[in-house]
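Keep in mind that what you see is a predicted model, and the values were worked out from it rather than measured. Because only heavy atoms are used, hydrogens play no part in the values below, and waters and symmetry mates are left out as well, while side chains stay in.
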Amino acid sequence: MRVSAVSVEQDTTGVYFNEFGQPLGPLVPNWQGAQFPPRQVLAGWGCRLEPLDAEQHAADLWQAFSADSGAMWTYFSAGPYATLAEFTAELTRRAQARDPQYYAIIAAASGQALGLASYLRIDPHAGSIEVGWLHFSPALQRTRLATAAMVLLMQQAFALGYRRYEWKCNALNQPSRRAAERLGFQYEGTFRQATVNKGRSRDTAWFSIIDCEWPARWRAYQRWLADDNFTTDGRQKMRLAELVAIESHCAMAAD
């Protein structure tokens, strides 16, 4: 079979076609893949993300999670745990994993661990990475600290060269869906009967932010997290969703 030289043309709509008239995706110049995330401390805006260490973090997390009624475990794939020893053993196992790569979310002012987060489904070759295993204690939920933790993880992922940053959750988990939308993730659809969670069928909702959207998101996050966006008693002046919309509109206008 004779193979001719590849010919690619772009039409007036910006779509690329090969010599067979088949549409192609845009080139990714000099793509070498992304870097695997190093296990290191991330810090900013009063938040520290420390690689999970059961000996160091288990007692704080157990105490912080114990303040919840139990509802925070409903959509979490594991738990709840009957004893601190059982919980510590589970954290020990998770801390040894390479993927997912777990972090404890620390309030820098107190040094107390208040939540968990991880990178997972880490695919440097494809340039795709997910944030997940999010487990926020009552003291962390709906706080500036929680947003800072999400921004720190996202910031590092894009700095390491990832092109796609994913968020997935149980499709029935409305707080998680709202959190993704507030941060500017784009809803991509729902995978029906994606898995079985605690004996029940689970549909999974998919969200993402991609690299071309990151600069506008980053500007919005910085504006929201800035000290001057908060009153002396800690109340926000502008909502993050408003800033995401403003920066996204500005980015589109600039294009």
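Note on ring orientation: taking the six-membered ring where Trp is involved, the planes of Trp133 and Phe76 are perpendicular (angle over 60°, cut-offs 30° and 60°). Note on ring orientation: taking the six-membered ring where Trp is involved, the planes of Phe87 and Phe65 are perpendicular (angle over 60°, cut-offs 30° and 60°). Taking the six-membered ring where tryptophan is involved, the planes of Tyr165 and Phe185 are tilted, since the angle between them lies from 30° to 60°.
Counting heavy atoms from C-beta on, the side chains of Glu166 and Trp206 come closer than 4.5 Å. Gln186 has its side chain out of reach of Ile210: every pair of non-hydrogen atoms, C-beta onward, lies at least 4.5 Å apart. A 4.5 Å side-chain heavy-atom check between Tyr162 and Pro124 finds at least one atom pair inside the cut-off. A 4.5 Å side-chain heavy-atom check between Ser176 and Asn170 finds every atom pair outside the cut-off. Taking the side chain as every heavy atom from C-beta outward, Phe207 and Leu183 never approach each other to under 4.5 Å.
Transitive grouping of hydrophobic side chains (ILVMFWY, heavy atoms separated by less than 4.5 Å) brings Leu140 and Trp45 into a common cluster. With hydrophobic clusters built from ILVMFWY side chains whose heavy atoms lie under 4.5 angstrom apart, Met238 shares a cluster with Leu240. Note on Tyr187: it clusters hydrophobically with Trp214, by side-chain heavy-atom contacts below 4.5 Å among ILVMFWY residues. Cluster annotation: Trp31 is not connected to Tyr16 through the hydrophobic network of ILVMFWY side chains, with a link wherever side-chain heavy atoms come within less than 4.5 Å. Residue Trp218 is grouped with residue Phe158 when hydrophobic side chains (ILVMFWY) are merged at heavy-atom distances under 4.5 angstrom, including chains of intermediate members.
Arg144 has a carboxylate O that lies under 4.0 Å from a charged side-chain N of Asp227, or vice versa, which qualifies the two as a salt bridge. Residues Arg178 and Glu181 are not paired through a salt bridge, judged by the lack of any N-O separation under 4.0 Å between the basic side chain and the carboxylate.
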For residues 125-132, please give each side-chain donor-acceptor pair under 3.5 Å, one per line with the distance, not counting sequence neighbours.
unit_1, atom_1, unit_2, atom_2, d
Glu130, OE1, Arg121, NH1, 2.9
Glu130, OE1, Lys168, NZ, 2.8

What's the verdict on side-chain contact (heavy atoms from CB on, under 4.5 Å) for Leu114 and Thr143, showing C-alpha distance, side-chain angles and the deciding distance? CA-CA 11 Å; Leu114 298 175; Thr143 66; over 6 Å; no
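Across all non-hydrogen atoms, the minimal contact from Gln193 to Asp203 is N-OD1, 2.7 Å. The two residues Ala171 and Arg177 have their closest heavy-atom pair at O-NH1, 3.0 Å. Across all non-hydrogen atoms, the minimal contact from Thr88 to Ala58 is OG1-CB, 3.4 Å. The shortest non-hydrogen separation linking Ala157 to Tyr119 is N-OH, 3.7 Å. A pairwise comparison of heavy atoms in Leu84 and Ala59 identifies CD1-CA, 4.3 Å as the closest pair. Listed here is the closest heavy atom pair of Leu52 and Ala95: O-CB, 3.4 Å.
Surrounding CG of Asn30 are at most 12 heavy atoms belonging to other residues, nucleotides or ligands under 6.0 Å away. Counting heavy-atom neighbours within 6.0 Å of Arg93 CZ, excluding the residue itself, gives a total above 12.
Checking side-chain atoms of Asp99 against main-chain N and O of Ile122 turns up a donor-acceptor pair under 3.5 Å. Put simply, the side chain of Trp224 never gets that close to the backbone of Arg239: no donor and acceptor are under 3.5 Å apart. For Arg223 (side chain) and Leu243 (main-chain N/O), no donor-acceptor pair under 3.5 Å exists by modelled atom type. With Gln156 contributing its side chain and Leu42 its backbone, the two residues share no donor-acceptor pair below 3.5 Å. No donor-acceptor pair under 3.5 Å is formed between the side chain of Thr204 and the backbone N or O of Phe191.
Rounded to the nearest 0.5 Å, atoms CZ (Arg98) and CG (Leu120) are 14.0 Å apart. With values rounded to the nearest 0.5 angstrom, Phe230 atom CZ is found 12.0 Å from Arg235 atom CZ. One distance of note links CE of Met150 with CD1 of Ile105; it measures 5.0 Å at 0.5 Å rounding. With rounding to the nearest 0.5 angstrom, the SG atom of Cys47 is 8.5 Å from the CG atom of Leu153. Annotation: the span from Arg163 atom CZ to Asp123 atom CG amounts to 11.5 Å, rounded to 0.5 Å. From Arg202, atom CZ reaches atom SG of Cys169 across 7.0 Å, with rounding to the nearest 0.5 Å.
Here side-chain hydrogen bond (donor to acceptor under 3.5 Å, both in side chains) pairs that include residues 64-87, with residues two or more places apart or in two chains, number zero. Screening residues 49-62 for side-chain hydrogen bond (donor to acceptor under 3.5 Å, both in side chains) gives Arg48-Glu50, Glu50-Gln56, Glu50-His57 as the qualifying pairs, with residues at least two apart or on separate chains.
Side chain to side chain, Gln155 and Tyr221 fail the donor-acceptor criterion of an N or O pair below 3.5 Å.
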